[in-house]
There are 2 protein chains.
Amino acid sequence: MTDGRTRRREDTRQRLFVAAVDLIAEQGFSATTVDDIAARAGVAKGTVYYNFESKTVLFEELLRHGIGLLTAEFRAAVDGLPPLEALGALVRAQLEYIRRYRAFAQLLLSEMWRTNREWQQTLRLLRGEAIAVIAETVKAGVDSGELPADLDVRTASSALFGVGLVVAVDWLVFSPERPIDEVQESLLGIVRRVART
Amino acid sequence: MTDGRTRRREDTRQRLFVAAVDLIAEQGFSATTVDDIAARAGVAKGTVYYNFESKTVLFEELLRHGIGLLTAEFRAAVDGLPPLEALGALVRAQLEYIRRYRAFAQLLLSEMWRTNREWQQTLRLLRGEAIAVIAETVKAGVDSGELPADLDVRTASSALFGVGLVVAVDWLVFSPERPIDEVQESLLGIVRRVART
DNA sequence: GTTTTTATACTGACTAGTCAGTTCGGAATT
DNA sequence: AATTCCGAACTGACTAGTCAGTATAAAAAC
């Protein structure tokens with residue numbers, strides 16, 4: 001499994017992911033060509049098709065990979081924490097993630113609300129997995145009375161997810177000169193205020 | 001000015017705008033072909049190029065048109081109101097707008113944070129105009145002490161703009177069965193809580 | 001009030017170019 | 001020896017933009 005060959009191949013796939021993420025975040029899926037992706041990854045075009053069935057499949061696996069990481073970080077962040085603190089930890093984890101994988105976040109934001117695309121179903125599913133972690137936390141908070149009882153769990157969870165994404169990416173794109181810690185503070189402030197019973 | 005010819009032409013342009021908005025909202029700018037737009041508008045492809053210089057220019061004029069409407073509604077909404085009420089009026093105006101032009105809102109959300117696109121500069125400028133109205137209101141509120149003094153005007157304004165957009169579109173795409181009034185209420189609730197000094 | 005002219009609006013086949021995906025012999029890596 | 005990658009040529013479907021020609025309002029001439 002981790003012999004030289006598989007490692008080498010994993011490395012190529014990783015380089016293709018990185019190249020694809022950067023380009024698609026900038027230009028969108030359709031405007032990004034497979035030739036571009038191969039060139040930026042420093043790889044021949046044939047290699048792309050040796051490693052991935054198609055451009056669409058490459059993108060889908062990319063989404064799976066990226067959101068999988070995010071979901072894992074969400075799970076790790078809330079582990080064992082009481083609801084209110086878990087909520088803060090989620091915001092921090094999301095921003096930490098966006099800071100690290102800004103291009104992927106930008107890509108997510110741009111492709112998340114699309115309809116009528118081949119991979120839309122995949123994206124919807126993955127989004128659900130990430131939000132489920134948030135929803136569990138919110139539900140626990142509402143059940144235990146630490147969060148307002150009138151809070152609608154599903155709405156609040158997806159709103160939280162989307163708002164973190166939009167505020168952080170907005171900052172990165174339109175005010176990149178500012179430290180992202182400020183986003184974190186103001187977002188935490190907002191969430192805390194809203195979470196007050 | 002309003003003879004048969006100009007009216008007919010205006011009508012054609014309007015139909016092209018509507019067709020383009022719907023398709024681009026669903027598929028994105030690059031994935032939408034000029035043939036598609038023409039077909040949906042019930043017009044020959046040549047007509048698109050008779051009325052607009054290029055696909056990009058059509059899109060830019062569409063953005064100008066759409067955001068111009070939004071900015072005008074913002075201006076009308078805050079007119080003469082004291083800061084706190086003006087803030088609520090802005091939220092309501094934005095949601096009212098999104099309810100009416102949902103495809104345009106979806107399109108905005110998807111294309112807003114792109115970089116390296118020909119029309120990116122235009123979009124950035126237009127976004128600035130809309131946010132300026134929000135910023136004026138927030139600034140007046142901070143100056144008069146009705147809003148927290150530690151509120152950063154620029155950040156708060158763009159956050160408000162983005163959050164309204166993302167929450168509303170998220171709702172439209174992922175929970176369209178719910179009445180949008182509920183979004184308005186919960187958004188207003190959030191803004192009110194955050195605005196508390 | 002009818003006919004002729006003109007300007008405007010539209011048409012759709014056509015061109016020139018692009019891009020996803022294929023193919024495959026050979027080179028490099030393990 | 002087997003796997004992985006290279007690279008370059010090729011195909012076929014698709015797409016932005018063009019342009020010569022048509023239709024039709026309104027204005028001009030009769």
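A note on names: the letters A, B, ... follow the listed sequences, proteins ahead of strands, and every chain is numbered from 1. Keep in mind that the numbers below use all heavy atoms, side chains included, and drop hydrogens, waters and symmetry copies.
Atom C1' of nucleotide dC19(C) and atom NZ of K55(A) are separated by 8 Å, given to the nearest angstrom. Taking atom CZ of R9(B) as the reference point, atom P of dA7(C) lies 16 Å away to the nearest angstrom. In this structure, R13(A) atom CZ and dT3(D) atom P are separated by 17 Å, rounded to whole Å. Distance Q27(B) CD to dT15(D) C1': 14 Å, rounded to the nearest Å. Between D35(A) atom CG and dG7(D) atom P there is a gap of 13 Å when expressed in whole angstrom units. Taking atom CG of N51(A) as the reference point, atom C1' of dG21(C) lies 15 Å away to the nearest angstrom. Rounding to whole angstrom units, CZ of residue F52(B) and C1' of dT18(D) are separated by 18 Å. Separating the CZ atom of R15(A) from the C1' atom of dT4(D) is a distance of 12 Å, rounded to the nearest angstrom.
In this model, the phosphate group of dT4(D) is not approached by any side-chain N or O of T12(A) to a distance below 4.0 Å at OP1 or OP2. The shortest distance between the side-chain N/O atoms of T47(B) and the OP1/OP2 oxygens of dT11(C) is below 4.0 Å. Between Y50(A) and dT4(D) there is a side-chain N or O to OP1 or OP2 distance below 4.0 Å. OP1 or OP2 of dG17(D) has at least one side-chain nitrogen or oxygen of Y49(B) nearer than 4.0 Å.
Contact annotation for T33(A): backbone-only contact, meaning every heavy-atom pair under 4.0 Å involves sugar-phosphate atoms and none involves a base. Within 4.0 Å of T32(A), counting heavy atoms only, lie sugar-phosphate atoms of the nucleic acid but no base atom. Residue V48(B) is out of contact with every strand shown, counting any heavy-atom pair closer than 4.0 Å.
T71(B) and E129(B) are not linked by any side-chain donor-acceptor pair at a separation below 3.5 angstrom, with hydrogens and angles left out of the test. Side-chain contact check for T115(A) and E26(B): no donor-acceptor pair (N or O, by modelled atom type) lies under 3.5 Å.
Proximity of the aromatic rings of F17(B) and F59(B) is defined here by a centroid distance below 6.0 angstrom, and this criterion is not met.
Residues G46(B) and S54(A) both approach DNA chain C. Their nearest nucleotides, taken by heavy-atom distance, put G46(B) toward the 5′ side.
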Practice prompt. For S175(B) and R154(A), run side chain to side chain donor-acceptor pair (under 3.5 Å): C-alpha distance rounded to whole Å, both residues' side-chain angles, the deciding distance at 0.1 Å, then the answer.
Written response: CA-CA 10 Å; S175(B) 323; R154(A) 220 178 92 201; 3.1 Å; yes
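Counting atom types as modelled, K45(B) pairs a side-chain N or O with a base atom of dA16(D) as donor and acceptor under 3.5 Å.
Formation of a donor-acceptor pair under 3.5 Å by the S110(A) side chain with backbone atoms of L107(A) is not found in this model.
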